[in-house]
Trainee: 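Below: one structure in structure tokens.
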Amino acid sequence: MRVFSGVQPTGNIHLGNYLGALKQFVELQDDNECIYCIVDLHAITIPKDPIQLHEHVLDVAALYMAIGIDPKKSTIFVQSDVPGHSELAWILTCSSYMGELSRMTQFKDKSKGQESAPTGIFSYPLLMAADILLYDAEVVPVGNDQKQHIEITRDLAIRVNNRFGDDTFVVPDGRFIKAGARVMSLDDPTSKMSKSAESEMSRISLLDDAAKIKKAIMRATTDSDGIIKYDPVNKPGISNLLSIYAAMSGESIESLEARYAGEGYGTLKKDLVEVVKEGLAPIQSRYAEIRQSQELIDVLKVGAEKANAIAEVTIKRVKEKYGLGIGI
Ligand code: ATP
Ligand code: LTN
């Protein structure tokens with residue numbers, strides 16, 4: 001199957017992004033044709049410092065490789081290096097409705113009805129649909145928060161296919177992460193771990209050093225009844241730590257509950273610090289090596305060439321359907 005997904009180059013890639021999305025990217029690459037993108041055009045929907053944006057693009061690319069995405073198996077590239085994304089986004093804009101875009105929860109949350117809401121936030125889903133449809137992707141691994149974006153991508157593909165024929169677009173399916181893979185904030189376990197949360201103690205970023213990992217975990221909010229039990233509704237803090245522990249170590253939550261029965265939260269936290277440190281150490285050392293190597297730039301160049309070769313075929317086909325250009 002052809003798999004496509006993307007991550008925004010916004011820095012602070014955290015355990016939630018890793019366990020919820022990126023780890024799946026690695027697992028899928030053995031049996032599928034995977035294309036992984038760094039979506040810098042999406043990042044500029046909110047103004048970014050150009051130097052920092054460029055650094056973040058390379059950070060994410062290096063992280064992709066450091067977690068195990070193998071450029072020999074998967075295509076890794078930067079969205080703005082393939083002009084087809086912007087081109088198809090415009091064509092899709094002309095097959096979309098103001099109403100359906102206005103109903104997107106991300107737009108409603110971020111625009112809050114203001115006159116000054118950026119147009120890029122409004123048309124964000126069309127660029128995301130273009131990303132996916134450009135590569136005839138069949139499967140799109142993403143977090144649950146992206147469900148609405150996958151739905152509108154499908155609606156657009158079906159709408160265009162109804163007009164021009166089923167050979168225009170492949171209608172993609174989302175592959176959503178399980179509820180347990182949702183990592184919650186460490187200092188407020190009722191909200192999700194997020195890149196944009198102000199408090200550094202709310203998250204563990206993949207590149208955090210040992211001291212920061214220790215501090216964030218040891219300070220993580222828990223309840224006061226002292227019982228180590230997985231119960232996300234009544235005990236969100238300890239449940240979050242158990243699920244991070246399980247995801248990082250491969251041990252089941254039941255087995256952890258049994259092993260820590262009768263122990264205090266401090267013991268569990270101390271052990272979790274070690275598990276997270278050990279889990280991230282190999283990623284961090286690979287990252288340090290890749291981030292400064294020429295190999296990184298070479299991988300992105302080859303990736304952009306491979307992506308362009310696929311994208312050009314789709315753009316030609318779609319332009320023909322719409323009657324655009326002179327067929328060159
Ligand atoms: P923001 O701070 O803007 O909310 P984010 O941390 O949610 O950002 P994204 O770039 O929107 O990060 O997400 C990248 C991928 O990681 C998406 O597929 C998303 O669903 C997933 N993801 C993000 N946060 C979590 C989380 N806490 N648990 C599991 N998966 C997550
Ligand atoms: N909107 C996504 C990022 C994204 C994406 C994509 C994911 C942009 N284009 C195409 C999958 C496929 C996010 O915020 N996580």
Side-chain angles (χ1 to χ4, degrees), residues 7 12-27 63 67-68 105 109 141-147 174-284:
V7 170
N12 279 338
I13 300 272
H14 52 72
L15 271 185
N17 301 135
Y18 176 57
L19 299 173
L22 295 170
K23 228 173 132 196
Q24 264 202 84
F25 292 6
V26 182
E27 287 156 12
L63 263 181
I67 61 164
T105 46
D109 289 351
V142 275
N144 276 318
D145 56 328
Q146 298 297 312
K147 257 194 183 136
R175 191 185 137 127
F176 303 102
I177 54 160
K178 292 172 246 89
R182 193 172 157 92
V183 178
M184 307 309 280
S185 153
L186 293 172
D187 59 5
D188 170 17
T190 55
S191 62
K192 69 162 200 164
M193 187 177 284
S194 154
K195 287 175 194 162
S196 46
E198 243 170 63
S199 156
E200 275 294 321
M201 289 303 138
S202 69
R203 64 183 157 255
I204 293 174
S205 297
L206 295 191
L207 301 177
D208 279 347
D209 62 20
K212 160 72 201 302
I213 294 170
K214 185 172 176 196
K215 203 164 158 191
I217 293 177
M218 296 313 289
R219 283 193 188 179
T221 305
T222 48
D223 53 65
S224 53
D225 72 13
I227 301 163
I228 294 180
K229 184 167 169 281
Y230 186 76
D231 177 357
V233 176
N234 300 308
K235 298 170 67 64
I238 217 67
S239 303
N240 189 35
L241 296 182
L242 280 169
S243 74
I244 294 173
Y245 198 138
M248 290 299 287
S249 67
E251 192 172 345
S252 73
I253 288 182
E254 298 77 55
S255 152
L256 290 170
E257 282 175 332
R259 195 145 68 78
Y260 285 98
E263 299 276 4
Y265 292 164
T267 313
L268 175 78
K269 284 180 167 180
K270 259 192 219 130
D271 291 354
L272 180 58
V273 170
E274 294 312 311
V275 166
V276 172
K277 276 193 330 205
E278 273 166 36
L280 295 186
I283 295 178
Q284 295 182 349

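For clarity, every value in this text was computed on a predicted model and none was experimentally measured. All residue numbers refer to positions in the sequence shown, counting from 1.
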Trainee: Within this structure, what is the NZ-CE distance for the pair K215 and M201, rounded to the nearest 0.5 Å?
Mentor: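 Those atoms lie 4.5 Å apart.
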Trainee: Has the side chain of S239 got a donor or acceptor atom that lies under 3.5 Å from a matching backbone atom of Y230?
Mentor: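 The answer is no, because no donor-acceptor pair under 3.5 Å joins these two groups.
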Trainee: Do the non-hydrogen side-chain atoms of L19 and M248 ever get within less than 4.5 Å of each other?
Mentor: yes
Trainee: Are side-chain heavy atoms of L206 and N17 found at a separation under 4.5 Å?
Mentor: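 In short, these two side chains do not touch, never coming nearer than 4.5 Å.
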Trainee: Donor-acceptor pair, N240 side chain versus M184 backbone, under 3.5 Å?
Mentor: yes
Trainee: Does atom NZ of K212 have more than 12 heavy-atom neighbours, drawn from other residues, nucleotides or ligands, at distances under 6.0 Å?
Mentor: yes
Trainee: Write down the atom of I228, the atom of L268, and the distance for their closest heavy-atom approach.
Mentor: CD1-CB, 3.9 Å
Trainee: Which heavy-atom pair separates I213 from I204 by the least distance, and what is that distance?
Mentor: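 Smallest heavy-atom distance, with atoms named: CG1-CG2, 4.1 Å.
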Trainee: For Y245 and R259, work out which heavy atoms get closest and say how close.
Mentor: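 Minimum heavy-atom separation between Y245 and R259: OH-NH2, 3.3 Å.
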Trainee: List the atom of S202, the atom of A197, and the distance in Å for their closest heavy-atom pair.
Mentor: OG-CB, 3.6 Å
Trainee: How long is the straight-line distance from CG of D231 back to CG of L242, given to the nearest 0.5 Å?
Mentor: 10.5 Å
Trainee: Shortest non-hydrogen contact from L280 to S205?
Mentor: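 Scanning both residues completely, I find the closest heavy atoms to be CD1-O, 4.1 Å.
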Trainee: Go through the steps for R203 and D208 under the test side chain to side chain contact (heavy atoms under 4.5 Å, CB included), then give the verdict.
Mentor: CA-CA 10 Å; R203 64 183 157 255; D208 279 347; 5.7 Å; no
Trainee: Would you say that I283 contacts L63 through its side chain, given a criterion of any heavy-atom pair below 4.5 Å between the two side chains?
Mentor: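 I283 reaches L63 side chain to side chain.
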Trainee: Hey, what do you get for CD1 (I238) to OG1 (T221), rounding to the nearest 0.5 Å?
Mentor: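 Going from the CD1 atom of I238 to the OG1 atom of T221 covers 10.5 Å.
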Trainee: To the nearest 0.5 Å, what is the distance between CE (M193) and CG (D187)?
Mentor: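 M193 CE to D187 CG: 9.0 Å, rounded to 0.5 Å.
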Trainee: Could you go through S243 and I253, starting from their C-alpha distance and side-chain angles, then the distance that decides it, and tell me whether this counts as side chain to side chain contact (heavy atoms under 4.5 Å, CB included)?
Mentor: CA-CA 7 Å; S243 74; I253 288 182; 4.0 Å; yes
Trainee: For R182 and K192, which heavy atoms make the closest approach, and how far apart are they?
Mentor: NH2-CB, 3.7 Å
Trainee: Could you check whether any side-chain N or O of K147 sits under 3.5 Å from a backbone N or O of G174, counting only pairs where one atom can act as donor and the other as acceptor?
Mentor: no
Trainee: Can you establish whether the number of heavy atoms outside K270 located under 6.0 Å from its atom NZ is more than 12?
Mentor: no
Trainee: For a 4.5 angstrom cut-off between non-hydrogen side-chain atoms, does K277 reach K214?
Mentor: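 Result no, sub-4.5 Å side-chain heavy-atom pair not found.
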Trainee: Within a strict 4.5 Å, meaning less than it, do heavy atoms of the V7 and F25 side chains meet?
Mentor: yes
Trainee: Using modelled atom types only, decide if a donor and an acceptor are shared between the side chain of K269 and the backbone of A220 within a distance under 3.5 Å.
Mentor: yes
Trainee: Would you call Y265 and D225 a side-chain contact if the rule is heavy atoms closer than 4.5 Å?
Mentor: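 Side-chain contact under 4.5 Å: yes.
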Trainee: Counting C-beta onward and ignoring hydrogens, is there a side-chain heavy-atom pair between L186 and I244 closer than 4.5 Å?
Mentor: yes
